[in-house]
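Okay, so here's the structure we're looking at.
Here is how names work: the chains are called A, B, and so on, in the same order as the sequence lines, proteins then strands, and each is numbered from 1. Heavy atoms only: backbone and side chains are in, while hydrogens, waters and symmetry mates are out.
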Amino acid sequence: MTPPPNDPPSDFIRDIVAEDVRSGKHTKIHTRFPPEPNGYLHIGHTKAICLNFGIAREFGGLCNVRMDDTNPEKEETEYVDSIMADVHWLIDGWADKNLCLNSGGAPFFASDCFQPIYGFAVQLVRRGKAYVCDMSAEQTDEYRRVGKESSFRDRSIEENLDLLARMKAGEFPDGARTLRAKIDMQSPNMWLRDPVLYRIRHAQHHQTGDAWCIYPLYDFAHCLSDYLEGITHSLCTLEFEVHRPLYEWILQTLDLPNELPQQIEFARLNLTYTVMSKRKLKQLVDDGLVGGWDDPRLPTISGMRRRGVTASVLRDFSYRIGITKYPSLTEVDALEHAIRAEFNQSALRRLAVLRPLKVTLTNYPEGKTEELDAINNPEDHSAGSRKVPFSRELYIEEADFMETPVPKYYRLKPGGEVRLKYGYIIKCDEVLKDSLGKIVELRCTADLESKSGGPNSNRKVKGTIHWVSAAHALEAEVRLYDRLFTVPDPDAGGDFKSFLNPHSLEIVRAKCEPSLGDAKPELRYQFERLAYFALDPDSQPNELVFNRTVTLRDTWAKEAKK
RNA sequence: UGCCUCGUGGUGUAAUGGUAGCACGAGAGAUUCUGGAUCUCUUUGCCAAGGUUCGAGUCCUUGCGAGGCAGCCA
């Protein structure tokens, strides 16, 4: 397996930044991550965070976190808090030194700049580059479509100044007027057809309260926030490409003495078998189709964290997928590979049986217990070993026995032999069933000479399976997560909710080896031959709850399908 | 429809006018007290057609295809 790429990736944006440093255009690189606080962050944001903080880190610069909070009707402080928690979690120990907050230690807010932004609006009016328009939203749309100029376009500067001040003073109801840039109603780029800069909204804002009743739109606020914060490279997703001429027009039309930021667009992340839009994620949450924003099936950062994915895995993944302008659809396999690559190195191995089948060793003394040596991590000898109790009555995995085995099956079968990991080779003598014909117990004999580590342990059998001593087993709730959707691209068409995977969560009662009793939330566990698991926050000292992060690769499952 | 952008194996990417490489996936084998991991090998690609050039994935033109935008959302 290839090691995670330690070297920062190369891409067209880093090339531009490097050239700007080389040419002396910038001496200090300053990026920003500008989420709107109207939902939780997801793995798509991870890509943006790793890009912006990665660049800051590589070029010795800074990266601001800025809440893009120009629409008070959709935004809440709950989201501000969750966003900050997720960003910290993702960058701590990696780029936390490049994180730039305001002097009070809080993130930046576009709303911090409402006053200067308003000042720039006044400046635009004074320069004859903006005007107050009384048309309705519908009429504005209509005129823009056909390229017709508003009848209010040629108001005098004095009248515009007066009306803008009265808009700000709250003299007009919502939607009554707007401030518009005066650019070019014939422009082939719709965003240059006198775009709206300010709208009237008598709404409480989560940061500014009722200080304002007019709010700048994204296009006006974003470029100016970038400028005011001293951003050098403003990296955004592809849908803002057509806005770039407006971004540049605003900055160039104003009298701005400092260096201007440069907007560069890149493709957002799409992942198979999931959805990434905040609107759709919110719908799943609001409709109760998942447990919340941190449901481990969701691609939210909080959901993946709960599922057991680590920040380093997410960063590794972000580096692997690269940055381009091609709107791609990345297979989840790449994410799962990143998880397995890290966890194979770091996870502690444990024995646990998800679907128990009882096994009695008829030739093993009743009441006897042995403590067997088990290796904690074959990839990391410093992880040491532990003792696992072994006794006459055990549980093995239901799937590790077949009464009528299929070809190439080399686990336990009637009359067949298999090795119990770290223990003995056993042979199945008898299959016990209940009145319905369901297998309830296996009676086996152990080859007492074959004990692992013993002098005669080198006899080979084809299969080795995991097990747990019945008397010593710990019960645990194990949540088995699978893909949220049954189709690779639930966005492709139709109602995405109709593609939800009904089996995306299965809960089982598992039997675990005793050492799992002091499982720690910060550690990852591999239940041998099964999957990687992490403790869920629901877990209690006497009621363990594990989440399956990702299964092990299973070439037998593939073989069995043939 | 207009405008903008983008087309490299199944997927994600590299190449900066000079042998199309890497990763994921898939397939085959070796090995294994995890059907894991590891190792080896294999498969499949420059959207098309012209042009410039000694030489084009790269530059130009045209065509085709895909995505985005056309909110007083971001």
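- Not one side-chain nitrogen or oxygen of A:Lys462 sits closer than 4.0 Å to the OP1 or OP2 atom of B:U32.
- Within a 6.0 Å sphere centred on CD1 of A:Ile375, other residues, nucleotides and ligands contribute 12 heavy atoms or fewer.
- In this structure, A:Tyr410 reaches the bases: a heavy-atom distance under 4.0 Å links it to at least one base atom across the strands shown.
- For A:Arg201, a side-chain nitrogen or oxygen approaches OP1 or OP2 of B:C73 to under 4.0 Å.
- Look at CG on A:Leu372: it is 16 Å from P on B:U34, rounded to the nearest Å.
- Taking 3.5 Å as the limit, the base of B:U34 and the side chain of A:Gln526 contain a donor-acceptor pair of atoms between them.
- A distance of about 12 Å separates the C1' atoms of B:A26 and B:G9, rounded to the whole Å.
- Residue contacts for A:Glu379: at a heavy-atom cut-off of 4.0 Å it reaches a base atom on one of the strands shown.
- No contact: A:Ser187 has no heavy atom under 4.0 Å from any strand.
- We find that NZ of A:Lys325 is positioned 13 Å from P of B:C4, with the value rounded to whole Å.
- Note on ring orientation: taking the six-membered ring where Trp is involved, the planes of A:Tyr40 and A:Trp293 are parallel (angle under 30°, cut-offs 30° and 60°).
- In this structure, A:Gly322 reaches neither bases nor backbone, as no heavy-atom distance under 4.0 Å exists between it and the strands shown.
- Each of A:Tyr118, A:Tyr198, A:Phe114 was scored for a ring pair (Phe, Tyr, Trp, His ring centres under 6.0 Å) with A:Tyr215, with one residue passing: A:Phe114.
- As rounded to whole Å, 11 Å separates atom P of B:G7 from atom CG of A:Leu238.
- For A:His222 and A:Tyr218, the distance between ring centers is under 6.0 angstrom.
- Across all strands, A:Tyr326 comes closer than 4.0 Å only to sugar-phosphate atoms, never to a base (heavy-atom distances).
- At the heavy-atom level, A:Tyr215 lies nowhere under 4.0 Å from the strands shown.
- Residue A:Glu241 is in sugar-phosphate contact alone, with no base atom involved, counting any heavy-atom pair closer than 4.0 Å across all strands shown.
- Nucleic acid contact class of A:Thr237 (heavy atoms, under 4.0 Å, all strands): none.
- In this structure, A:Trp191 places its CH2 atom 20 Å from P of B:G2, rounding to the nearest Å.
- At the heavy-atom level, A:Thr178 lies under 4.0 Å from base atoms of the strands shown.
- Side-chain atoms of A:Glu331 come within donor-acceptor range of the base of B:G10, with a qualifying N/O pair under 3.5 Å.
- Taking the P atom of each, B:A37 and B:A23 are spaced 16 Å apart, rounded to whole Å.
- At a threshold of 4.0 angstrom between heavy atoms, the contacts of A:Asp141 are confined to the sugar-phosphate backbone, with no base atom among them.
- Using cut-offs of 30° and 60° for the angle between ring planes, the A:His45 and A:His42 rings count as tilted.
- B:C46 and B:G7 are spaced 15 Å apart, taking the P atom of each and rounding to whole Å.
- Within the structure, a side-chain polar atom (N or O) of A:Thr555 is placed less than 4.0 Å from OP1 or OP2 of B:G36.
- Note on A:Arg201 versus A:Glu73: salt bridge recorded, some NZ/NE/NH1/NH2 to OD/OE distance being below 4.0 Å.
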Problem set entry | Derivation and outcome, salt bridge (charged side-chain N to carboxylate O under 4.0 Å, His left out), residues A:Glu559 and A:Lys408 | CA-CA 9 Å; A:Glu559 184 67 31; A:Lys408 293 190 193 171; 2.7 Å; yes
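- When the C1' atom is used for both B:C24 and B:A30, the distance is 22 Å, rounded to whole Å.
- Here B:G71 sits opposite no nucleotide as a Watson-Crick or G-U wobble pair (both hydrogen-bonding atom distances under 3.5 Å).
- Distance noted for atom C1' between B:U13 and B:G50: 29 Å (whole Å).
- A cation-pi arrangement is absent between A:Arg350 and A:Tyr525, since the terminal nitrogen or guanidinium carbon is not both under 6.0 Å from the aromatic centre and inside a 45° cone about the axis.
- Counting distance only, with no hydrogens placed and no angle test, the side-chain atoms of A:His243 and the base atoms of B:A74 include a donor-acceptor pair under 3.5 Å.
- Counting any heavy atom pair closer than 4.0 Å across all strands shown, A:Met135 reaches a base atom.
- Remark: C1' of B:U8 and CZ of A:Phe12 are 17 Å apart, rounded to the nearest angstrom.
- Across all strands shown, A:Gly453 has heavy atoms under 4.0 Å from base atoms, whether or not it also approaches the sugar-phosphate.
- Taking atom C1' in both B:G12 and B:C6, one finds a spacing of 15 Å when rounded to whole Å.
- Between B:A20 and B:G63, the two C1' atoms lie 25 Å apart (nearest whole Å).
- Look at the P atom in both B:U11 and B:G45: the space between them is 12 Å, to the nearest Å.
- Within 4.0 Å of A:Leu329, counting heavy atoms only, lie sugar-phosphate atoms of the nucleic acid but no base atom.
- Searching all strands for a Watson-Crick or G-U wobble partner of B:U62 with both distances below 3.5 Å returns B:A48.
- Base pairing analysis places B:U11 opposite B:A23; the two distances defining the Watson-Crick or G-U wobble pair are each below 3.5 Å.
- At a threshold of 4.0 angstrom between heavy atoms, the contacts of A:Ala137 include nucleobase atoms, whether or not backbone atoms are also involved.
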